[in-house]
Amino acid sequence: MVPTWHYLALAAALFTVGVIGVLTRRNIIIIFMSLELILNAVNINLIAFARHWGSVDGHIFAIFIITVAAAEAAVGLGILIAFFRNRDTVNADEIDLLKW
Amino acid sequence: MTFYEVTFYVLAVVALLSAILVITCRNPVHSAIFLVLTLLSVALIFLQLQAEFMAAVQIIVYIGGIMVLFLFVIMLVNLDVAVRQAPYNRQRWIAGFAALVLLAEFTLFIYQGRDWAKLPPAAAEAVQPNTELIGRALFQNYILPFEVASLLLLVAMVGAVLMAKQR
Amino acid sequence: MPENYVPILMFGVIAFLFPVVTLWFASLLRPDSRDVGFRRKPYECGVPPEGDARGRFGVRFYIIAILFVIFDVETIFLFPWAVQYKALGLFGLVEMLVFLGILIVGYIWLYKKGALEWV
Amino acid sequence: MTTLLEILDQPLVLALIRVLIVFTALSLIVAYLVYAERKILAHIQVRLGPMRVGPHGLLQPIADGLKLLLKEDIIPEGADRAVFWLAPAITVLASFTAFSLIPFADNFYVTDVNVGLLFVIAISSLGVLGIILGGWASNSHYPLLGALRSTAQLVSYEVALSFALISAILLAGTLSMNGIVKAQLQQGVWFAFMQPVAFFILFVAAIAETNRNPFDLPEAESELVAGFHTEYSGFRFSLFFLAEYAAMVLVSSIAVTLFLGGWLRPFPNVEWLGFLRFAPVVVFGAAGTWCFLRFFRFPTGREWFWQRLMLFALGAGAAAAALGLLYPPVLVASQGAFWFLAKVFLFLYAFIWFRGTFPRYRFDQLMRLGWHFMIPLAIVNVIFCGVGLVLSWELGWNRSLSLLLASGATLLVAAWLARERS
């Protein structure tokens, strides 16, 4: 049986990769994908803990996280579409106006 | 090592490598394909952790739903311009350093928790039969979050449609 | 329990190898692709293709995809409910009526807003 | 020393053998489904269809497969080669792998898991990716637009499909595919009779999911050339083609398992209908007799020699199968698979029949039908089904009666929705 901390290590590594993606990429779509990576890392942790303690509460949390991820992707990409229609770019560092 | 342990390490390597490719590919479509690979291996890791319902949900919602949304958006916005531009922003070195600090912190935490982690994990069969247990917990102990989730979805639906619709 | 899933994985690997192996096998038999005339140009009803193929498309496709994701998540909640329905009984029905009621409110809003109309 | 029998008795080896059997049988069924479609369409239109290769064109699928293998491989300029290659592979993977969870008989399935139905949905939902990526990788206008339209159609009807499946799970109380069949055996009724509206929704959604007439918009030749696989040719095209027909078999299998009792014979609990178990003997016997009759009326002559020989061999094979089936253990063992395949073929015949008779929908009508009629109807059906079940538990009503009342109420809603549309 794989010890629980191996799962935690994998989740930590995935989380870090996601953070690097969010902080360094310019394309908002890739930034969103990195966010999904981060959420997945959290899910791995939750499921690993659920097995560790032998209860399904972690699974319930993971379901809610997936729900939130779906809502986030829908709204976030909706904003992206609206932004792209107005400014014709998908680069995060060109979004520097609060109002136009 | 048994077969299931080997599966975990193989899947972990695949997940990490494709995650790195997600954030390094220039073409968003390739990133999306590698993200699908990551999500798929995470789903198999769930399966290996006896979370069969979660594995199915991961594939249905993430790969069958959210990734389709991503690919749609990639096709809606013209990406040929994006491919030719510089993929990383100006603060990439600071950001990379910060991320490494984060990783060091994680390492420290896991190292400090090593005694706790030696506790034997509960028998994996404790979360079986998975769907029935999830149903019982979700609809008896977690009623309020469940109903709030429906509100969240309603708000997301309204918000997303308002954002995307032509004014 | 996970051993029940190994055959699915096997099937998946075989199903994935099938196109790989047949395409490789076919590459031994078939003639090479020759770049003659318009053969390798994208199809455009006989005229030379114009402009960039990966242009923009209507936002309606995107709205359909959003709605699909939202409804997909809703069905995910329905599966454990349906499996556990006998144990939950009337209580489960009331819970799901509230849940689906909120969803139906959203649906009616979409209907009134015209987001479900294609044209 | 391990003998061959011991090797064969390992669970994984056993599973591998079953996987190979199912895969091979499925490929054959898919190949001959194409042939059957051409033949049946031809007869609907008072033509003969393929007649040249083998008696009545029986070897046509093999000839077609060889032809496609030998075709020149064309990848359009500017295509993304890796993705162009990956897309058909994903589609094939998605539509074939789900068969590992379908119970073909009481004791013949590749595997059976607790969340079987969810996994079937999950695996088959991967197919959408193949369509989008294939359309995008071609770097051409028509495939991209075709892919987007195809995806929009698939995801719209997938919602209605999931809600229809949930009504069946409400009745069965389990997600395991074999468990659902056993629930129908235990309750003594196919779920199609308890949930007719859900069955109807599933049927319509299945036609839309597999891009069949009257919903074959993605590949409507008059509008979008050939849809997302316009740029695909040769064997790559045939992979998409195979996957599409395998998906047809898959949705039929899901519908049969959930609503038509899977491998159960009609009226499985009625003792005096036990003679129905001889149906496979009758079918094979009839097939053998027909082959022999054709054999004697076939034109004689040197050029017909091989065709006559093949017909004779077919007749002999069918007759031998009929005789073999008279042996009781074989008869018992073949029951499940026979009834399952019979029901699946009935479904597939309906698909082909629809293609021969219905005109095509327009795209906006299709989306409108999905979002304005099918999805609300499916949601209402789930609610009423739940209400009916609660009525039978809490008030002690007759289960079938309350479920039929629920279906009646759903039909009223359907009538109201239909009135709104026009």
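The sequence lines fix the lettering, A, B, ..., with proteins before strands; numbering per chain opens at 1. Please read these numbers as outputs of a predicted model, since none were measured by experiment.
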From [X] [atom1] over to [Y] [atom2], what is the distance, rounded to the nearest 0.5 angstrom?
X	Y	atom1	atom2	result
B:L154	C:W109	CG	CH2	9.0 Å
C:I70	B:L152	CD1	CG	8.0 Å
C:Q84	B:L138	CD	CG	10.5 Å
B:Q58	C:I76	CD	CD1	11.0 Å
C:L9	B:L47	CG	CG	9.0 Å
C:M96	B:S150	CE	OG	9.5 Å

In terms of heavy-atom proximity below 4.5 Å to chain B, should [X] be classed as side chain, backbone, both, or neither?
X	result
C:L100	neither
C:F91	side chain
C:V83	side chain
C:I102	both
C:F68	side chain

Please find the pair of heavy atoms, one from [X] and one from [Y], that lie closest to each other, and give the distance.
X	Y	result
C:P80	B:G135	CB-CA, 3.8 Å
B:M157	C:L103	CE-O, 4.4 Å
B:L69	C:A65	CD1-CB, 3.5 Å

Q) Under 3.5 Å, is there a donor-acceptor pair between the C:Y5 and B:E52 side chains? A)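 Yes - a donor-acceptor pair under 3.5 Å links their side chains.
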
Q: Start with the C-alpha gap between C:V73 and B:V57, add the side-chain angles, then the distance that decides, and say whether side chain to side chain contact (heavy atoms under 4.5 Å, CB included) holds.
A: CA-CA 9 Å; C:V73 177; B:V57 169; over 6 Å; no

Q: Measure distances from B:V61 to the heavy atoms of chain C and classify the residue's part below 4.5 Å as side chain, backbone, both or neither.
A: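 Its backbone and side chain both get close to chain C.
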
Q) What part of B:F146 gets closer than 4.5 Å to chain C, counting heavy atoms only: side chain, backbone, both or neither? A)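 For B:F146, the contact with chain C is made by backbone and side chain together.
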
Q: With the side chain counted from C-beta on, respond yes when C:K113 and B:L162 share a heavy-atom pair under 4.5 Å apart, and no when they do not.
A: yes

(Q) Once you measure the plane-to-plane angle for C:F61 and B:F72, does it fall in the parallel (<30°), tilted (30-60°) or perpendicular (>60°) bin? (A)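 Answer is perpendicular, since the angle exceeds 60°.
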
Q) When you look at C:L88 and B:R136, which way does the side chain to side chain contact (heavy atoms under 4.5 Å, CB included) test go after all the steps? A) CA-CA 8 Å; C:L88 295 168; B:R136 209 170 298 154; 5.9 Å; no

